[in-house]
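In what follows, chains are A, B, ... by sequence order, proteins preceding strands, each numbered from 1.
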2 protein chains.
Amino acid sequence: MITIINMSSAPNRWTKQLKVIVDIVYGSHGPMTADEVYHAARARLPNISLGTVYRNLNKLESEGLVSEVTKGNTTAFVKHPFSNATFECEVCGRLFCVPYDLRNSEMERKVGMKVNRWSIRMTGVCKECERKCI
Amino acid sequence: MITIINMSSAPNRWTKQLKVIVDIVYGSHGPMTADEVYHAARARLPNISLGTVYRNLNKLESEGLVSEVTKGNTTAFVKHPFSNATFECEVCGRLFCVPYDLRNSEMERKVGMKVNRWSIRMTGVCKECERKCI
DNA sequence: ATGCAAATGATAACCATTATCAATATGTCC
DNA sequence: GGACATATTGATAATGGTTATCATTTGCAT
C-alpha cells in the first residue's frame, strides 16, 4: 500500500476510500478513467460511490499527485504529476503513457511565458495495430 | 470570405451556415469554444442553432480543417489543423495558440510508434499576469 | 423547374461531472 | 479510551456540454 508523505492543503483526512483510490491509480500501468477507478475501487469497497471517486481524484489532482489527460471524449487520470506525454491509438483507442523528455526552461524560451506544467498528446497507430493493419 | 478547396468526405454541401462557421474560426486569433462560435455566428445568421454549430465544427475536425484543444473543463476549436501548441494561463484562464516546432519524425523516434498528430498543452502564467501579480 | 438526399432548427436525450445534504467516520483533545 | 468538532461519505438530484432525433428546408444534379 502506497503512502503519501504530505498532503499540503488544509483539511484532509486519510480515509480508507482515499487510500484505495491512491493505491489503484498509483498501481496502474496507464491512465484510468474515473469510471474505471470506480469499478476497481468497488472490488475492495463495495459501497464506495462514484462521487467519492471524483472528489478524491480531483483532490489528488489539485495536490499535484495525479494529472488529467484527454482520452477520447472524456478524461483519464495518471499518476505522473505535472508534465506527461500520452499516445492514443486511432485504431484501438488505447491510451498509453510514454516517456518524453522536454525541459520547462526550453519551453519557456520558445514560448516566452512561465511554464508550470506541460502535456504532450500524440495520436497515431500503436505498434500492435500497425502490425495487424498492414 | 475564406473558401475551402476540397472537402474530401462524400456528402457535403456548402451551406451558408458552414461558410459562416469556417469564416469565424479561420478569422479568429485564438481558440474558440463551440458556444463562442455559436454567438459569433448568430450575429450573422440569427436563426442558426447550436446543434448546427457542433455538427459543422465536428465535420471540420474530421476533415482535418480544425483541431480540438482543451480549455478549462470544455473544448475549444482552432484553425490550425493537426498538430498545435496551446498555452493556458492559470491566473486569467485565457488560452493562447503558440508557435512550436517539433517534428513528427522526432516524436516517432522517441516513442517508437507512428505519430499522425500531436498537441502540446502548457499551463503557466502569461506575460500580462506575470507583470500584474508580482 | 423538379426531385431527392443532405443539412438545418428545435428540442429532447445523453452522459460525464458536480452539487446537495443527512449520516458517518476521522483526528484531536482531554 | 471517550467525546466532540468537522471533514468526508453515500445517495441522489442537478448541471451543462454535447449528441441524437425528426419534421422541415435547402443545395445541387439532372
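Here the CG-CZ distance, from B:L18 to B:R55, works out to 11.5 Å after rounding to the nearest 0.5 Å. Separation of atoms SG (A:C126) and CD (A:E90) is listed at 10.5 Å; rounding is to 0.5 Å. Distance check, rounded to the nearest 0.5 Å: OG1 of A:T86 to CG of A:L95 gives 5.0 Å. The distance from atom CG of B:L102 to atom NZ of A:K110, rounded to the nearest 0.5 Å, is 5.0 Å. For the atom pair CD1 (A:I21) and CG (A:L60), the distance works out to 7.5 Å, reported to the nearest 0.5 Å.
Salt-bridge formation is not detected for the pair B:K59/B:E63: no Lys NZ or Arg NE/NH1/NH2 atom is positioned less than 4.0 Å from an Asp or Glu carboxylate oxygen. Look at B:E88 and B:R121 and you find a salt bridge, because one of the NZ, NE, NH1 or NH2 atoms lies within 4.0 Å of a carboxylate O, short of that distance.
At whole-Å resolution of the value, CG in B:L57 and P in C:dA7 are 15 Å apart. Here C:dA6 presents its P atom at 11 Å from NZ of B:K59, a figure rounded to the nearest Å. Spacing between atom CD1 of A:I21 and atom P of D:dT8 amounts to 12 Å, rounded to whole angstrom units. For B:N56 and D:dT19, the CG to C1' distance is 14 Å, given to the nearest whole Å.
Each end of the helix from C:dA1-D:dT30 to C:dC30-D:dG1 gets its own axis from five base pairs, and the two axes differ in direction by 40°, given to 10 degrees.
For the residue pair B:K79 and B:Y26, the shortest heavy atom distance occurs at NZ-O, 3.2 Å.
Screening B:T52, B:L50, B:L57 for a side-chain contact (heavy atoms from CB on, under 4.5 Å) with B:Y54, the sole residue that qualifies is B:L50.
Residue A:D35 is classed as having no contact, given no heavy-atom separation below 4.0 Å to the nucleic acid.
Residues satisfying the side chain to side chain donor-acceptor pair (under 3.5 Å) test with B:S28, not counting sequence neighbours, are none. With sequence neighbours excluded, no residue satisfies side chain to side chain donor-acceptor pair (under 3.5 Å) with B:E106.
A donor-acceptor pair is defined here as one N or O able to donate and one able to accept, closer than 3.5 Å; such a pair exists between the side chain of B:N104 and the backbone of B:V115.
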Polar atom pairs (N or O), protein with nucleotides 14-16 of chain C, under 3.5 Å:
{"unit_1": "C:dA16", "atom_1": "O3'", "unit_2": "A:T74", "atom_2": "OG1", "d": "3.3"}

Please tabulate, one pair per line, each protein N/O and nucleotide N/O from nucleotides 11-16 of chain D that are separated by under 3.5 Å, including the distance.
none

Under a 4.0 Å heavy-atom criterion, the protein footprint on nucleotides 23-30 of chain D, written with B, S and -, is ---BBS--
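For A:N58, the side-chain atoms get nearest to C:dT18 when compared with the rest of C:dG9, D:dT18, C:dT18.
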